[in-house]
**Student:** 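Below is one structure. I have some questions about it.
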Amino acid sequence: MAIYTCGHTTPDSDSICSAISLSYLLNKIGRDATPARQGEVNPETQFILDKFGFEAPELKTEFAGCELFITDYSDRGQAPKDLDQATVVGIVDHHKLGDITTSTPLECWIRPVGCTNTIVKEMYDFHKVEIPANIAGIMMCAILSDTVIFKSPTCTDTDIKAVRELASIAGIEDFGAVGMEMFKVKSAVEGVPATELILRDYKPFDMHGSKVGIGQLEVIDLALFDNVKADLQVELDNLRQKEGLHTAALLLTDIMKEGSEVLVSSEDTSIFEKAFDCKLEDGKVWIDGCLSRKKQIIPFLEPAFA
Ligand code: MG
Ligand code: MG
Ligand code: MG
């Protein structure tokens with residue numbers, strides 16, 4: 001039986017590229033594997049796949065009866081709905097430990113680095129498997145995306161070393177330029193419906209019994225949102241109502257100014273204000289230096305719900 005390698009719902013570049021890179025590795029070490037994805041491919045990921053000549057992995061949302069090697073998450077909220085009927089054979093991830101449990105022993109590669117593909121690179125090294133140039137290319141791009149070209153506080157020396165090695169394998173001299181090209185693709189928000197923008201890189205969380213949803217858009221200039229910000233706030237309210245969320249937030253991250261404007265829709269905005277020691281004005285606030293949802297938002301917001 002083939003193992004499916006698959007990342008989180010609303011997949012980002014790391015989820016899609018790690019499904020592909022991990023599946024190749026598993027096949028090389030004699031385990032039959034197929035990459036899959038739980039949702040649509042975003043424009044940044046499409047750019048990466050096109051650049052290195054890959055098709056998107058198979059779209060798959062039901063895994064009952066399948067073996068599953070999870071990449072880039074360990075939260076049930078980001079898993080397929082029928083996860084309990086699947087056999088989780090492994091997890092490779094770089095987030096806080098989530099609430100997925102298993103009934104059989106599994107292989108876990110979980111480390112506090114900037115990207116799942118950095119850990120997959122270590123798995124290749126561990127198994128002494130050579131990385132093909134095109135796979136190295138997508139792994140490199142995923143790391144540059146997750147670490148915001150090394151600017152994110154989640155970035156470690158291990159990620160930088162991995163990008164250097166992967167760039168050399170992929171034959172790319174100026175990986176910084178490829179990174180900027182990628183973020184320019186990501187910055188094309190003009191004309192995209194507000195709901196689609198909110199859900200483009202969106203994660204649901206259970207924070208001490210309260211449902212919280214947080215989206216993030218990383219762009220090269222916050223002014224790109226000037227015309228859509230009002231729509232985004234309306235749609236954030238709608239999403240909160242529709243999904244029964246306590247709080248819905250959207251991080252508008254300016255990767256050049258290195259900070260985020262956070263739009264907040266909440267049953268009780270004082271929870272957010274307390275968590276970040278701030279005052280929301282018209283439902284939003286600029287948080288200087290904030291680039292990472294994982295490291296600079298979740299660890300502060302979650303305890304505020306306790
Ligand atoms: Mg991810
Ligand atoms: Mg990731
Ligand atoms: Mg990200």
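Counting convention: from 1, in listed order, for ligands and their atoms alike.
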**Student:** Okay, side chain of T102, backbone of T104: is any donor-acceptor separation there less than 3.5 Å?
**Tutor:** yes
**Student:** Tell me whether R293 is salt-bridged to D201, with the criterion being a basic N under 4.0 Å from an acidic carboxylate O.
**Tutor:**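 A salt bridge links R293 with D201.
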**Student:** What is the ring orientation for Y73 with H8, classed by angle as parallel under 30°, tilted 30 to 60°, or perpendicular over 60°?
**Tutor:** perpendicular
**Student:** Would you call E243-K211 a salt bridge at under 4.0 Å N-O?
**Tutor:** no
**Student:** Do E67 and T87 get their side chains close enough for a donor-acceptor pair, meaning under 3.5 Å?
**Tutor:** no
**Student:** Angle between ring planes, Y24 versus Y124, binned at 30° and 60°: parallel, tilted or perpendicular?
**Tutor:** parallel
**Student:** Around the Mg ion (ligand 2), how many protein N/O/S atoms fall inside 2.8 Å?
**Tutor:** 4
